[in-house]
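Everything numeric here is computed off the predicted structure, so don't read it as measured data. Every heavy atom of this structure was used, including side-chain atoms; hydrogens, water molecules and symmetry mates were not. Numbering of ligands and ligand atoms starts at 1, following listing order.
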Amino acid sequence: MCGIVGYVGKQKAASIILEGLKRLEYRGYDSAGLCVLQDGRLDVAKKAGRVEVLAKEATRHRFNGTTGIGHTRWATHGGVTDANAHPHVSSDGHFALIHNGVIENYAQMKAFLSGKGYTFRSETDTEVLCNLIAYHYAKEPAGQNGTNRFLESVRKALDHVEGTYGIAVLCIDFPGEMVAARKASPLLVGVGDNEYILASDASALINRTQNVVYLKDGELVHVTPAGFTISTLDQMDVSPVVDRITWSVADAELGSHAHFMEKEIFEQPQALENTMRGRFSEDGSTANFGGLNLSATELRQIDRFMFCACGSAWHACLVAEHLIERYARLPVEVDYASEFRYRNSPLDRNTLFFVMSQSGETIDTLAALREAKRKGYRVLAINNVVGSSIAREADGGVYQHVGPEIGVASTKAFTSQLVLGAMLALYIARLRDMSFNDGVQYVNALKGAPELVRQTLRQAPLIKEIAQRYAKHADFLFLGRLSLFPIALEGALKLKEISYIHAEGYPAAEMKHGPIALITEKCPSVFFVPKGEIFNKIVSSMQEIKARKGKIIAIVTEGCELPPGLADEVIPIPDCHEAVLPIVATVPVQLLSYYIALALKCDVDKQRNLAKSVTVE
Ligand code: AGP
């Protein structure tokens, strides 16, 4: 997914845009560019590579204008080259455009425009849209019945677009003006002191204002030095609603940490406290969710849950499935959002549908939400970004309140989703058969989770030392059972996405049905070994690995004694309630992947090929 920044105001735009792009770089970082409208010219600098490469290139330009746009790219159409970097300028030189999304009918439009004499310098779908706007502008009689020719040309061009977009456009004939529009790709307008900053997300503008207007799908915003107006594709005026961002600049900055991932791993105790704050009942026996918009009577009629999500959020749904079935005694189905939207699965009237998404912009999860709503179901969202598309389109839900998660690898947002899943299981269970005392025990266990995470974080030096000794392996297995099987999946994903090592998560007992063929001294296994009914079964699986000279890193709850010599490495974690165990067990695998990536000198916060939120299909 790409990052978009636009500026209209009294200050020089270039430095503000570059600062915003640096803050958005976690969203995509193949290439970057900016354009400043000055002296009747669209002055563009753009380069493949990171924002610092662009910043260096920008010093070769005399950017003095106070209107500009900037972009960090995560390539969809066309390779990572200077020519494919945004902004794109129309072949008639009238317009500059940046875009986040995918235009599905770009090929037909490109053929049409080529026939009209427009030329192309890139392989992108974005350049086609830029020329399409120019085409409509050339056709648009100047100032037809008082409308703005620039705005109307963009509106007309978007009428022909199939696909998704978040765009910002400049026109040489309209100095000091910018037009932006969104469909499925997030955009918000920061309302500053005589200045307006357009951005893909709030982290790009939080250092200049906390007052924002979230654009909705199908809306266009026209910004001038005098202010801004919002209208729809069918020319209806929209009264802007100004929201206030509740977190601060510091939340979106590194502080004393080496990486955002490190910062966010160590923020987890506080993040869990923020997630749970104000969400337990007065009698301390259950959870309280104001935003579900469902009465206790309605919730008691629910006889099935469905969860949809992607990536780490999908792993969190698998843990929620385990806890809801274990404690609320209701069946749960979990599906990948990208699968659900085309599977056409039968859902019964008493199914309560949840989507889980940190960003609230993952397009597959948004599409699953829309498909479930189309089928007539109430859809609730567990989400971390106020004003995000999923937050706005859901029928209710629960915010995670962990502040911006900048690290591309999800950490604090993931454990926050785990605790909310555990609280949801408690809430439903207490509406049904769970006793008051069991509820109090469960609540107290959740309240104690942040401190147990703090204790586990103190294993960081041990885990770092283990990571340095295992960093050279090319393959890993992560093996867990029941509610720790999803944590095995999460551990494998973390290792894959930040250190590029091949890793697979499996239910521990499944390992002998094939994956055990991978076991040699060169393929270590990370085992989750909790106290309890299946401890001996897990030890048997470990023996099977050991018998084949496989190295074992065991994450073991305190109080469990492994047979001597069975594990090559032991990482102790505090013993705890079953609802808290997945949260605590996640911390060692987050740290293990982080320290292995460091040992391999990987760019932990800007991994190759990844983007923080995938807003393209
Ligand atoms: C997690 O480490 C990954 N970066 C990725 O799997 C992520 O969880 C997934 O893309 C879902 O994102 P969302 O929670 O914002 O919807």
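One finds no salt bridge joining E273 and K412 here, because no Lys/Arg side-chain nitrogen approaches an Asp/Glu carboxylate oxygen to under 4.0 Å.
Against a heavy-atom cut-off of under 4.0 Å, E497 is close to the following atoms of ligand 1: 1 (C), 2 (O), 3 (C), 4 (N). Heavy-atom proximity to S410, at under 4.0 Å, picks out these atoms of ligand 1: 1 (C), 2 (O). Near K494, meaning under 4.0 Å from any of its heavy atoms, are these atoms of ligand 1: 1 (C), 2 (O). Every atom of ligand 1 with a heavy atom of A409 under 4.0 Å away is listed here by number and element: 2 (O). Shown in contact with S312 at under 4.0 Å from a heavy atom are these atoms of ligand 1, numbered in order with element: 1 (C), 2 (O), 6 (O), 8 (O).
Neither side chain, E490 nor Q590, offers a donor N or O lying under 3.5 Å from an acceptor on the other.
Taking the six-membered ring for Trp and the full ring otherwise, F307 and Y336 have centroids separated by 6.0 Å or more. For F485 and H322, the ring centers are positioned 6.0 Å apart or more. Taking the six-membered ring for Trp and the full ring otherwise, the centers of F478 and Y506 sit at least 6.0 Å from each other.
Of the candidates A309, A413, C310, it is C310 that places a heavy atom closest to atom 9 (C) of ligand 1.
Considering backbone and side-chain atoms alike, V408 places an N or O below 3.5 Å from some N or O of ligand 1. Among the atoms of T365, none of the N or O lies under 3.5 angstrom from an N or O of ligand 1. Note: no N/O pair closer than 3.5 Å links Q417 and ligand 1 by distance alone.
Taking OG of S389 as the reference point, atom CG of D217 lies at 5.5 Å (rounded to 0.5 Å).
A donor-acceptor pair under 3.5 Å links the side-chain atoms of T72 to the main chain of G3, judged by distance alone.
For E361, the heavy-atom gap to ligand 1 stays at 4.0 angstrom or more.
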